[in-house]
2 protein chains.
Amino acid sequence: MPMELDARKQKVLKAIIDDYIESAEPVGSRTLARKHDLGVSPATIRNEMADLEMLGYLEHLHTSSGRVPSSKGYRFYVNGLIPPKPVSDEEKKIINDWYKARVRRIDEVFQETARIISKVTKNVSLVLAPQMTQARFRVLQFLPLDDRRVITVLMTDAGFVENKIVEMPSGATFEDFQRMAMVINKNLAGRSLAAISPERLLPIRDEIGDEGLYESALEVVNRALDAGKQERLYLGGTTQMLTQPEFHDVEKVKHTLMMLEEEELIKDILHAHMGDGLEVTIGQENEDSQMKDSSIITATYHLNGELLGTIAVLGPTRMEYAKAMSLLEYMNDNLTEVIRKYNW
Amino acid sequence: MPMELDARKQKVLKAIIDDYIESAEPVGSRTLARKHDLGVSPATIRNEMADLEMLGYLEHLHTSSGRVPSSKGYRFYVNGLIPPKPVSDEEKKIINDWYKARVRRIDEVFQETARIISKVTKNVSLVLAPQMTQARFRVLQFLPLDDRRVITVLMTDAGFVENKIVEMPSGATFEDFQRMAMVINKNLAGRSLAAISPERLLPIRDEIGDEGLYESALEVVNRALDAGKQERLYLGGTTQMLTQPEFHDVEKVKHTLMMLEEEELIKDILHAHMGDGLEVTIGQENEDSQMKDSSIITATYHLNGELLGTIAVLGPTRMEYAKAMSLLEYMNDNLTEVIRKYNW
DNA sequence: TTTAGCACTCATTCACTGAGAGTGCTAACA
DNA sequence: TGTTAGCACTCTCAGTGAATGAGTGCTAAA
């Protein structure tokens, strides 16, 4: 379908979407003609609107209630009509100052990134923190908790620390665990977490000697690594989103909040949307039925070509795409830079 | 005022409050007579109600709209009329299983405690985690971040780990910091965080030699200790609270969520309410004007007579006091036990 | 002291109405 | 042939008024 929409149709579509994004009200021909200076009469706009609706770019709730963009309409808008809205220098400065003032612990970078995004876009933001496969093993330590359990602390060279409670196998003593720790540390220090495979652990087997104890070591190391590799999800803007008229209904708020509490579900959604760079998924385009009236914009950050994590904005289909997209792009670069610098 | 309320008045007041807590609707004489078997006619109840209102235990929104308990009414109810509602053995089992299944990292105890409380009471729960003054210094480590900053990692003997970013003073090198770490660790290992005072650090001064470097050491240790001592606030149930009819209005939800986001404010409120054991503050009794229509129940947990932290339920004045109070009591004992066991 | 009876007050619901914004269609116009 | 004015029609929304129902306060009788 070459040139499905002529220039004027595009202009009308853009005007409608811009207006709707701003007002959240269905837009009619008369008001559109009044506000945007399109140079044609309402009647003409009505005709164009009818065409656009026929083609699937607009929707009609009831006869005579103004038009609302469809997912297809938004898609066309995002792909071609969208006005660029780069992050201004002032905004950049504000963001950087914010980081400086707030990030006191290294992992707070992610939480603060989420906060910034939600503050600016007034929507929910999601940040999936990297798995630290780049990080290098520094030291594994055991601490006695009670007579049945120990705390395992794994530290990486970038200062990221992960601790986990582990049951001791029956028969093992804490002294055994300490001996294990020495052997493990000697063998693994300096290795990247990603490179620690079961084979790497084989030398440890010989040094430990005891077969049963070796099995425990294996399990403990793996569990500590799992914790270290685990993706962390940071969430922001659950309060900001209430300013959107879409959430005027408490039931909807509750539903959305409950969905956001399901961390695994959210992670799945993010994984499914992870693409190359900036990815926009609009309303109906979503697989998940709960997301049919939401849009999600994701941006992934990489290091040396390897995918590390994702930052995203989640909101109603009526969303300031231009703003959200350029912000995500900027935050993405920023985060990549931080991670590169801190050698995660 | 001896015996301000005779037995029947108390019975009526209790019936009204029970009913209102359940239904959230102003309660009238007819329905009250129907539901609760008080053995008197609505007219008599009306008379009693009028008396109770005169005395300040009940309130009237408009003529003819049923009565609602006042703060004073709730207070009397909580102090004397409240039916005991101990946590059942099944509930205890569910709670313990929950802990077992979810607590994988030691600090998750607090988050999960908050979750449980909010799940059961359907209100917001707050948990102020202890300052770890009981904890003993294990090791302080420095990790290079970039050429200007280092990450300081403080670990206690209970496996609690705290990391913080610190600027290096100009002139100092990372090697200096490593040397400092050795000296500090040698001198402080095994001491309780509370016992680490500036005087304790004096021996370090001589060992380090360099005056400027000693100043840095002092500052770094203090900042690491600060981080270690900092109270952490855990929050739960912001979604659950939406099931309360009090939050049918989105504006109110937004207002409450925004208040809850102000961590310092919440901490202040908790500190102000911290008492000896279980403390109930009802509506108007609150100092903070934002809390005039909320009630807060706090319970503090101690170790060896020293106050460690607080757990609390925050909700509308219409709250299931009996349930919340006994639950808090139970969770409080539980948490004290956990902390005692893990030697925090 | 308790209760029945009664007049009265609000809040809520429902149907109805008119205004306003919007559409689609047709016919006239450039 | 594309554009526009005009008009009939639709639908939503705010406002009005009546009916309903739950509740109160007061008075007089039991």
Side-chain angles (χ1 to χ4, degrees), chain A residues 3-13 15-17 19-20 22-70 73 245-246 248-249, chain B residues 3 5-13 15-20 22-70 73 245-246 248-249:
Chain A
M3 222 19 197
E4 195 180 51
L5 299 185
D6 61 43
R8 194 173 65 189
K9 278 196 177 47
Q10 293 192 17
K11 211 167 140 191
V12 170
L13 180 59
I16 291 172
I17 298 187
D19 200 82
Y20 184 66
E22 201 199 314
S23 71
E25 309 264 288
V27 14
S29 55
R30 215 179 322 238
T31 43
L32 195 70
R34 222 183 302 131
K35 279 207 257 181
H36 302 255
D37 202 20
L38 295 174
V40 288
S41 78
T44 311
I45 294 176
R46 273 206 289 284
N47 290 333
E48 297 288 31
M49 280 174 153
D51 291 352
L52 284 168
E53 185 174 352
M54 203 76 84
L55 292 166
Y57 294 92
L58 296 178
E59 272 166 12
H60 225 191
L61 302 181
H62 302 276
T63 317
S64 99
S65 81
R67 256 80 172 203
V68 162
S70 68
E246 275 81 357
H248 257 334
D249 173 28
Chain B
M3 218 28 195
L5 298 185
D6 61 44
R8 194 172 66 188
K9 278 196 177 45
Q10 293 192 17
K11 210 166 141 193
V12 171
L13 180 58
I16 292 173
I17 297 187
D18 281 341
D19 199 82
Y20 183 65
E22 200 199 313
S23 71
E25 308 264 291
V27 11
S29 55
R30 214 182 321 238
T31 43
L32 196 70
R34 221 184 301 133
K35 279 207 257 181
H36 302 255
D37 202 20
L38 294 174
V40 287
S41 79
T44 311
I45 294 176
R46 273 207 288 284
N47 288 333
E48 297 288 31
M49 280 173 155
D51 290 354
L52 285 168
E53 184 173 354
M54 205 74 84
L55 293 167
Y57 294 94
L58 296 179
E59 272 165 13
H60 225 192
L61 302 180
H62 303 275
T63 318
S64 98
S65 81
R67 257 80 172 203
V68 162
S70 68
E246 275 82 357
H248 256 336
D249 172 28

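Below, read A as the first sequence line, B as the second, and so on, with proteins coming before strands; counting in each chain starts at 1.
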To the nearest angstrom, how far is [X] atom [atom1] from [N] atom [atom2]?
X	N	atom1	atom2	result
A:Asn47	D:dT1	CG	P	15 Å
B:Asp19	D:dG23	CG	C1'	14 Å
B:Glu25	D:dG21	CD	P	17 Å
B:Arg34	D:dG21	CZ	P	13 Å
A:Leu61	C:dA21	CG	P	18 Å
A:His60	D:dT12	NE2	P	11 Å
B:Leu38	C:dT2	CG	C1'	15 Å
B:Ile45	C:dT3	CD1	C1'	12 Å

Point to revise | Donor-acceptor contact present, side-chain B:Ser23 to main-chain B:Asp19, <3.5 Å | key: yes

Check your understanding: Between A:Glu59 (side chain) and A:Ser70 (backbone), is there a donor-acceptor pair under 3.5 Å?
Key -> no

Practice item. Mind checking B:Arg30 for me? I need base, sugar-phosphate or nothing, with any heavy atom below 4.0 Å counting as a touch. Key: base

So does [X] get a side-chain nitrogen or oxygen closer than 4.0 Å to the phosphate oxygens (OP1/OP2) of [N]?
X	N	value
B:Thr44	C:dT3	yes
A:His62	D:dT10	no
A:Arg8	D:dT3	yes
A:Ser29	C:dT23	yes
B:Thr31	D:dG23	yes

Review point. Do the side chains of A:Leu5 and A:Tyr57 get nearer than 4.5 Å, heavy atoms only?
Key: yes

Check your understanding: Is any side-chain heavy atom of B:Val40 less than 4.5 Å from a side-chain heavy atom of B:Arg8?
Key -> yes

Practice item. Hey, could you give me the CG/NE2 distance between A:Asp249 and B:His248, rounded to the nearest 0.5 Å? Key: 9.5 Å

**Study point:** Inter-residue atom distance B:Arg30.CZ - B:Ser41.OG, 0.5 Å rounding
**Key:** 11.0 Å

For nucleotides 5-8 of chain C, give me every protein contact, N/O to N/O, under 3.5 Å, one pair per line with atom names.
from, atom 1, to, atom 2, distance (Å)
C:dG5, O6, B:Arg46, NH2, 3.4

Check your understanding: To the side chain of A:Met49, which of D:dA5, D:dT24, C:dT23 is closest?
Key -> C:dT23

Practice item. Might you work through the side-chain contact (heavy atoms from CB on, under 4.5 Å) test for A:Met49 and A:Ile16, ending with a clear yes or no? Key: CA-CA 9 Å; A:Met49 280 174 153; A:Ile16 291 172; 3.7 Å; yes

